[in-house]
Amino acid sequence: VSGLNSNTKNMLKFEIVPNPVTTELTVVPGNEVDKDFQWTITDTAGKQVMAGTLRGKKTISVGKLKAGNYILQLNNKNKTGAAMFTKQSF
């Protein structure tokens with residue numbers, strides 16, 4: 001894809017489950033299972049709506065977010081990754 005960094009060794013691979021989500025999402029990291037992560041959630045306009053650190057427990061409470069699409073970005077010391085998820089109403 002044009003415009004994206006093709007250097008995949010610095011990409012952090014992970015899954016978000018469930019997706020869509022209503023109250024709490026779980027981050028399933030690829031091969032970085034024992035690492036701590038800084039995370040941010042942005043809306044589709046690019047506004048940061050939440051941020052924090054994942055240590056051990058890999059869940060994020062998103063129940064207070066409005067219904068819509070969001071991007072979760074994870075960073076550790078030398079890798080970064082992002083994935084889109086959908087927040088649904090209860």
Side-chain angles (χ1 to χ4, degrees):
V1 175
S2 176
L4 292 179
N5 184 349
S6 61
N7 185 357
T8 59
K9 77 176 187 179
N10 291 329
M11 289 190 65
L12 182 61
K13 297 183 181 193
F14 64 94
E15 291 181 60
I16 298 172
V17 292
N19 190 9
V21 61
T22 55
T23 58
E24 189 173 81
L25 62 82
T26 300
V27 176
V28 182
N31 58 356
E32 306 284 328
V33 175
D34 297 327
K35 307 281 186 190
D36 292 343
F37 301 98
Q38 300 297 316
W39 59 269
T40 57
I41 295 176
T42 56
D43 62 18
T44 54
K47 179 182 175 187
Q48 181 176 311
V49 294
M50 295 179 70
T53 302
L54 289 175
R55 288 191 175 100
K57 183 180 176 190
K58 304 289 191 238
T59 59
I60 300 171
S61 178
V62 295
K64 293 184 179 181
L65 291 176
K66 294 180 181 178
N69 293 317
Y70 295 89
I71 299 167
L72 172 65
Q73 183 169 357
L74 293 182
N75 297 289
N76 67 12
K77 291 181 181 178
N78 56 1
K79 293 186 179 183
T80 187
M84 184 172 273
F85 69 95
T86 300
K87 165 64 170 71
Q88 290 184 330
S89 299
F90 300 108

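Here the closest non-hydrogen pair linking Met11 and Lys79 is O-CD, 4.0 Å. Scanning both residues, Trp39 and Thr53, for their nearest heavy atoms gives NE1-N, 3.3 Å. Minimum heavy-atom separation, Leu72 to Phe14: O-CZ, 3.7 Å. Residues Glu24 and Pro18 approach most closely at O-CD, 3.8 Å, considering heavy atoms. Minimum interatomic distance between Ile60 and Met50 (heavy atoms only, all atoms of both residues): CG2-CE, 4.3 Å. Scanning all heavy atoms of the two residues, the minimum distance from Ala82 to Ile71 falls at CB-CG2, 4.1 Å.
A donor-acceptor contact closer than 3.5 angstrom links the side chains of Gln73 and Thr80.
Within the model, atoms CD of Glu15 and CZ of Phe85 stand 15.0 Å from one another, a figure rounded to the nearest 0.5 Å. Taken from CG in Leu12 to CG in Asn76, the straight-line distance is 5.5 Å, to the nearest 0.5 Å. The CG atom of Leu74 sits 11.5 Å away from the CG atom of Asp36 when rounded to the nearest 0.5 Å. Here Thr44 contributes atom OG1 and Met84 contributes atom CE; the two are 6.5 Å apart, rounded to the nearest 0.5 Å. Atom CG of Leu65 and atom CD1 of Ile41 lie 5.5 Å apart (nearest 0.5 Å).
Side-chain N or O atoms of Asn19 include one that pairs as donor or acceptor with a backbone N or O of Thr86 at under 3.5 Å. In this structure, the side chain of Lys13 does not engage the main chain of Gly81 through any donor-acceptor pair within 3.5 Å.
Taking a 6.0 Å sphere around CD of Gln48, one finds it holds more than 12 heavy atoms contributed by other residues, nucleotides or ligands.
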Go through the steps for Val27 and Phe37 under the test side chain to side chain contact (heavy atoms under 4.5 Å, CB included), then give the verdict. CA-CA 10 Å; Val27 176; Phe37 301 98; 5.8 Å; no
